[in-house]
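I have placed the structure first, in the form of structure tokens, so that the comments after it can refer back to it.
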Protein chains: 2
Amino acid sequence: MKRNTWQRQAVRDALDGAAGFVSAQDLHASLRESGSPIGLATVYRALADLAGEGDADSLQSIEGESLYRACASGGHHHHLICRSCGTTVEIEADDVEQWAAATAARHGFTAPQHVIDVFGLCPACSRKAS
Amino acid sequence: MKRNTWQRQAVRDALDGAAGFVSAQDLHASLRESGSPIGLATVYRALADLAGEGDADSLQSIEGESLYRACASGGHHHHLICRSCGTTVEIEADDVEQWAAATAARHGFTAPQHVIDVFGLCPACSRKAS
DNA sequence: ATCGGTTTTGACAATCATTATCAATAACGG
DNA sequence: CCGTTATTGATAATGATTGTCAAAACCGAT
């Protein structure tokens, strides 16, 4: 049975409060700063659970770190992520979805998975950088 | 100045000989098995250089490992990769390319980069798995 | 409210890929 | 062939993530 602990809730809340994608390390650090004595391993486990249940999205940053984000829409979708501040926009991508599936099928590949994410600088950060 | 060492050439050759994407670790291991005394750090450096010069493609596997592949066509392109054996097909993706750029622009994002790769089981591995 | 079995936690060690260090070596122009 | 200087490679360092396991917390039943 799946138990309801304040730790899992804390991770859930922290994710909801975050503007965009965050790493497990960062999330743990900010929870600690807020006074929570939660352990690092627990944060990793909670995030993995959330991702497994579809309550959070996970992706790999360009540097290879695993990032997580609270996921409002239950369905499958992709993201437009600011490289600088982490702000995220959820993207509708049915076309691309179908393109990926069709491409895999055309070459006889089965069990297709895909990684489709767009990184960039959001308007605010673009202004700052220029 | 950029020097021409047998080590760099060995990495280049090993990449050319590989069927699909390989990790730096694997490449180093197979070079060692072939009798080459090349060092691990050197393999990493050579791969980073090749990727920087556009002579190799690099991407992150679903597990987060960095993978490299000799890159024939100089242009920008994407891949369909077998999760099991690493066999790779280069994909034409102009449509998706433009979709990514347009999506970024529509939301005011600048300096767009994207990660678009499809993983699956190639025909041969599909057969084996069933 | 208490009990008991079971899950979860958390400090710490272990793992794994990758990068930094730095003295020894080798490449290239002269 | 020589000297300068980039490159190598053994090893240590880093940093994220996962495994371990005893102690603590959760929850349904009493």
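Labels below follow one simple rule: chain letters A, B, ... track the order of the sequence lines, proteins then strands, and each chain is numbered from 1.
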Quickly work out the [X] [atom1] to [N] [atom2] distance and round it to whole Å.
{"X": "B/N4", "N": "C/dG29", "atom1": "CG", "atom2": "C1'", "answer": "15 Å"}
{"X": "A/L47", "N": "C/dT9", "atom1": "CG", "atom2": "P", "answer": "12 Å"}
{"X": "A/H28", "N": "C/dC12", "atom1": "NE2", "atom2": "P", "answer": "12 Å"}
{"X": "B/M1", "N": "C/dG29", "atom1": "CE", "atom2": "C1'", "answer": "7 Å"}
{"X": "B/Q9", "N": "D/dT8", "atom1": "CD", "atom2": "P", "answer": "12 Å"}
{"X": "A/E65", "N": "D/dT18", "atom1": "CD", "atom2": "C1'", "answer": "16 Å"}
{"X": "B/E63", "N": "D/dA16", "atom1": "CD", "atom2": "C1'", "answer": "15 Å"}
{"X": "A/Q60", "N": "D/dT17", "atom1": "CD", "atom2": "C1'", "answer": "11 Å"}

Across the strands shown, which category fits [X] at heavy-atom distances under 4.0 angstrom: base, sugar-phosphate, nothing?
{"X": "A/S66", "value": "sugar-phosphate"}
{"X": "B/Q25", "value": "base"}
{"X": "A/T42", "value": "base"}

Can you tell which of [options] lies closest to the side chain of [X]?
{"X": "A/A41", "options": "C/dA17, D/dG19, D/dT17", "value": "D/dG19"}
{"X": "B/K2", "options": "C/dG29, C/dG10, D/dT7", "value": "D/dT7"}
{"X": "B/I38", "options": "D/dG9, C/dA11, D/dA10", "value": "D/dG9"}
{"X": "A/R32", "options": "C/dT18, C/dG10, C/dA11", "value": "C/dA11"}
{"X": "A/W6", "options": "D/dC26, C/dT19, C/dG29", "value": "D/dC26"}

Quick one: does B/T103's side chain have a donor or acceptor within less than 3.5 Å of a partner on B/W99's backbone?
-> yes
Does any N or O in the side chain of B/S34 come within less than 3.5 Å of the main-chain N or O of B/S36, such that one atom is a donor and the other an acceptor?
->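 No; zero donor-acceptor contacts below 3.5 Å.
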Are B/E53 and B/K2 ion-paired here, with the side-chain N under 4.0 Å from a carboxylate O?
-> yes
Check this one for me: any side-chain N or O of [X] less than 4.0 Å away from OP1 or OP2 of [N]?
{"X": "A/T5", "N": "C/dT7", "value": "no"}
{"X": "A/Y44", "N": "D/dT17", "value": "yes"}
{"X": "A/Q7", "N": "D/dA25", "value": "no"}

Going by atom types only, do A/D57 and A/H79 share a side-chain donor-acceptor pair under 3.5 Å?
->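 There is such a pair (donor and acceptor under 3.5 Å, judged by atom type) between the side chains of A/D57 and A/H79.
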For B/E92 and B/H78, does a side-chain donor sit closer than 3.5 Å to a side-chain acceptor?
->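 The criterion, which ignores hydrogens and geometry beyond distance, is not satisfied for B/H78 and B/E92.
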Upstream residue (5' side of DNA chain D) when B/R3 and B/R45 are each assigned their closest nucleotide = B/R3
